[in-house]
Structure formats: C-alpha cells, structure tokens
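What follows is a short report on a single structure.
Scope of the values below: all heavy atoms of this structure, side chains included, with no hydrogens, waters or symmetry mates. Just so it is clear: chains get the letters A, B, ... in the order the sequence lines come, proteins before strands, and each one is counted from 1.
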Amino acid sequence: MPGPTDPLLAWYASRARRLPWREDPPSDPDLRAYRTLVSEVMLQQTRADTVIEYYTRFLEHFPTVEDLARAPIEEVLKQWAGLGYYGRARHLHAAARAVWARGVFPRTAAELVHLPGLGPYSAGAVASIAFGEAVPAVDGNVRRVVARLTGQDPAPSSGIRQVEAWVRSRIPPDRAGAFNQALMDLGATVCVPRRPRCADCPLARECLARARGIEASVPSSRTRTPRPLEQRVAVIWAKQGAVLVVERPGPGLLAGTWGPPDGPIAAGESPEEEAVRLLAEGFGVRSRAVERLGCVTHAFTHRRWAVDVVRVDARGAPEARGWTRFRFLAPDQARDEVALSRLGRKVLETLEPRRDAPGPSARRRPRPHGGREPGRLT
DNA sequence: AATCCGGGGAG
DNA sequence: CTCCCAGGATT
C-alpha cells in the first residue's frame, strides 16, 4: 500500500536539484561520506547556490579526508575564505583529523554527531545520504515543510524534536537519503518561506496549513533584534604596490582571516585620526593620512560595520603588536595567498575598483561625509 | 535559554 | 536600500 510520502519521492526523482555533491556518488563509502561531510558543513546556514563553487574548489584541493587532515589550517581557511562562519572550517578540519586518526568514517548518526562541527542535522544528513541510515535530518527547510504539512507551528526549542519524530515515523527505511533530500529540496524550491508555490507541490493535497489557508504564515517568523551599526576605519598602507594585510586574531569575528588592518572609531574622532592611531598602536609606525578612499559596509549576524577606508603614507618596518601576523601583498596576491575575508576584499576594492563593475553610480557609495574617487598606488 | 559566529538573495 | 534566510558551539 502506497505511503503518503510516495508523491514526494516521485517528485524528487524528476525535480531534484543538480548539485555537484550529488553527482556520481563514489562506491567507496568513506569517500562518499567525506564528500557528503564537506557539502553538509558548507551548507550550514548557507544556500546551495553559494556553496557550489566553494565545494568544487575545496575538493580539488582536498580530494580525500587524508588530504584535508594533513593540510595546515591556513590552507583550509584559504579555501573557505569568503564563505563565512569560519569556525566551520576549523571544525571540518578537526573532524577530518579525527576521522583520519580513527582510520574509518563513523557509520551512524549517533557516532557522527560527536565529530566537531556536526550537530543533529549534519550528522543525520551524512548518515542518511552517505550510509542510508533511516534517521531524520531536519534543517530549516524541513522544519518549514513539516510545519506546513502538519499545520503545527514548531516551538523554538522542542519543535525540532517533534519534527524529527514526524520524519522518523515516515522515512522509508531503504530510501532515507533521498527522502531527506527531497524534503530539503521541496523547502528550497517549492515550499519557500514566503508565497509558497503550492500549485507545484506534490504534497499540496495532504498539507494541513494549505487546507486552512495559513501556508504563508506557518511557521511564524521569529522576531529579530536590530543589528547595531558600528563605525570603523580600515587602513591602506601601500609600499611599491603591495598593501599591508594582517591576520585577524581569534577567537571571535572573522578569526583567522586576513585583510587590511581595521579598528573602531571612537566617538568624536575622525577616520583619518583613527587610521594613524591604529598604525601607531598596532604596528609601532608613524604615518599620516593621505586620502579617504571610500566607505564599505559589512553585515554580520549581530552587528553591521560601516568601514571608512583611509590611505596612509608611512615609512619603516611595522612590528606586529595586537595582530598575529602581517604581510605586504598586492591585492591580487592577497586574494590568492591568504584567507582574504569578504570584508578584506571589499576594502581592497576601494583601491582597485573592478573593471567589469557596473557604472559609477552602482559602485561604491561615498556616503554621508563625502567620499573621493578611488586613489592609485604610487 | 540566550548569544555568538558571515554572507547573499529576494523584493 | 530592507527584509529575510540558515546549524552548531559556547556559556
């Protein structure tokens, strides 16, 4: 007798997203698990479209769990640079080392969840996709899909458990991986947060939220706390075409990534004054502000930064004080040789605007206190 | 239970 | 622009 979720698997068979980590799963279970692990950690808090290029490049650099385990963390962060949540890269690296030391991949979700960086979702995803274990993998998509199917708004904490129980009771024992991925794909492409496309949904007939006309308002959205805007300054110190970039110390924001040095602007201070002070206190270097190159904004989870970029002139050799390491690199080199954060990239782009960027109006916004045209290296 | 971690897409 | 999305670790 057909189960109520058969239409879902039928839909998935024809409408599954084509994603690199789904192509040609290797017959070696450990290699299969490794690829799944990399993709699932990258997919935490990150959309599939964004992950694709990172995943492909990452596997070219680290084709096996051994390659990743033996690599220095700096190489791993370089491949991760721009993807965000850099703690994930450290955890993934540590997980690879744990698996490598162990000699074989943990085969069950109950064991996988003890690897660094793997929680209930990721452990369930790897176990079901790579090993076929019949366990739930409840991410934000699945949570939303099940909430609508059942017409129940999941509570913030206990809600996940109920969704997991629902999935567990319906998961086909021999199709666990496809079932979990089908739920996720449905949430990503059809059962989307706002204005779900119920006309395209294979489960619309059994959807209770749909029956009650509340599909657009379930699950309820959490109230978000506004993110404070912090004023900061970044310093461009160029010597013969090479720009000072520093490694941001951890733990904390952007730990382990690189970029031109930056710091807060104290109330009442100007970006130029703070830039000079930053070089003096952070690197023991006397400098003078030459020009303001622009202002870049960057949003984190709990705060936003407005970073004024100031080019300075200085002589002599810096000494790293508050920062762990520094180098002088041309912007192109910085992109290739260190883990340049997205913020660091934006700051460097005030110096060398992209040639293929749209017109001047769509680019850098000099904003409120007046900016200037981008400068050139001397 | 609350807070800390980036970045990007849709509207 | 503004809103909105999406797991795990830590305390």
Discussion item. Closest approach to the side chain of A/Tyr121, judged atom by atom: which nucleotide of B/dG7, C/dC4, C/dG8 is it?
Written reply: C/dG8

Practice prompt. Check every strand shown and say whether A/Gly87 touches a base, only sugar-phosphate, or nothing at a heavy-atom separation below 4.0 Å.
Written response: nothing

Practice prompt. Report yes or no: does A/Asp313 contribute a side-chain atom to a donor-acceptor pair with the main-chain N or O of A/Arg288 at less than 3.5 Å?
Written response: no

Discussion item. For a quick test of reading the model: is some side-chain N or O of A/Tyr85 closer than 4.0 Å to OP1 or OP2 of C/dA9?
Written reply: no

Worksheet entry | Length of the OH-P vector between A/Tyr54 and B/dG7, whole Å | 8 Å

Worksheet item: Given the side-chain rings of A/His302 and A/Phe300, with only the six-membered ring counted for Trp, is the space between their centroids under 6.0 Å?
Response: no

Practice prompt. Report yes if a side-chain nitrogen or oxygen of A/His302 is closer than 4.0 Å to either non-bridging phosphate oxygen (OP1 or OP2) of B/dC5; otherwise report no.
Written response: no

Worksheet entry | Check: A/Glu74 and A/Val338 side chains under 4.5 Å, non-hydrogen atoms | no

Fill in: Whole angstrom value for the distance that separates P of C/dG7 from CG of A/Leu92
16 Å

Discussion item. How many whole angstroms separate atom CZ of A/Arg303 from atom C1' of B/dT3?
Written reply: 11 Å

Worksheet item: Side chains of A/Thr46 and A/Arg88: is there a donor and an acceptor less than 3.5 Å apart?
Response: yes

Worksheet, complete the sentence: Rounded to whole Å, CH2 of A/Trp80 lies from P of B/dG7 at a distance of 12 Å

Worksheet item: Ring centroid separation for A/Tyr85 and A/Trp80, is it under 6.0 angstrom?
Response: no

Discussion item. At 4.0 Å (heavy atoms only), tell me whether A/Asp49 reaches a base, stays on the sugar-phosphate, or touches nothing.
Written reply: nothing

Worksheet, complete the sentence: To the nearest angstrom, the CZ-P distance between A/Arg195 and B/dG11 comes to 8 Å

Worksheet entry | Residues, nucleotides or ligands: over 12 heavy atoms within 6.0 Å of A/Arg175 CZ | no

Worksheet, complete the sentence: Ranking B/dC5, B/dG7, C/dG7 by distance to the side chain of A/Thr301, first place goes to B/dC5

Worksheet item: Distance check: side-chain N/O of A/Ser122 vs OP1/OP2 of C/dG8, anything under 4.0 Å?
Response: yes

Worksheet entry | Atom-to-atom span, CZ of A/Arg88 to C1' of B/dG7 - whole angstrom | 9 Å

Worksheet item: For A/Thr50 and A/Gly252, take the nucleotide of DNA chain B holding the closest heavy atom to each; which residue's nucleotide lies nearer the 5' end?
Response: A/Gly252

Practice prompt. Name the nucleic acid region contacted by A/Arg227, choosing base, sugar-phosphate or nothing; use a 4.0 angstrom heavy-atom cut-off, strictly under.
Written response: base

Discussion item. Taking 4.0 Å as the cut-off, does a side-chain nitrogen or oxygen of A/Arg144 come that near to OP1 or OP2 on C/dC5?
Written reply: no

Worksheet item: Can you check the A/Leu37 CG to C/dG7 P distance for me, whole Å?
Response: 16 Å

Response to the item:
From the candidates C/dA9, C/dT2, C/dG8, the one with an atom nearest any side-chain atom of A/Pro120 is C/dG8

Response to the item:
Whichever of A/Arg194 and A/Tyr86 has the more 5' nearest nucleotide on DNA chain B, that residue is A/Tyr86

Item to complete: With C1' as the reference atom in both, quote the distance from C/dC5 to B/dC5 in angstrom, rounded to an integer.
Response: 15 Å

Worksheet item: Given C/dG7, B/dG9, B/dC5, which nucleotide is nearest the side-chain atoms of A/Arg47?
Response: B/dG9

Worksheet entry | Separation of C/dC4 P from A/Arg304 CZ (nearest whole Å) | 14 Å

Item to complete: Give one of base, sugar-phosphate or nothing for A/Gln44, where a contact means two heavy atoms less than 4.0 Å apart.
Response: sugar-phosphate

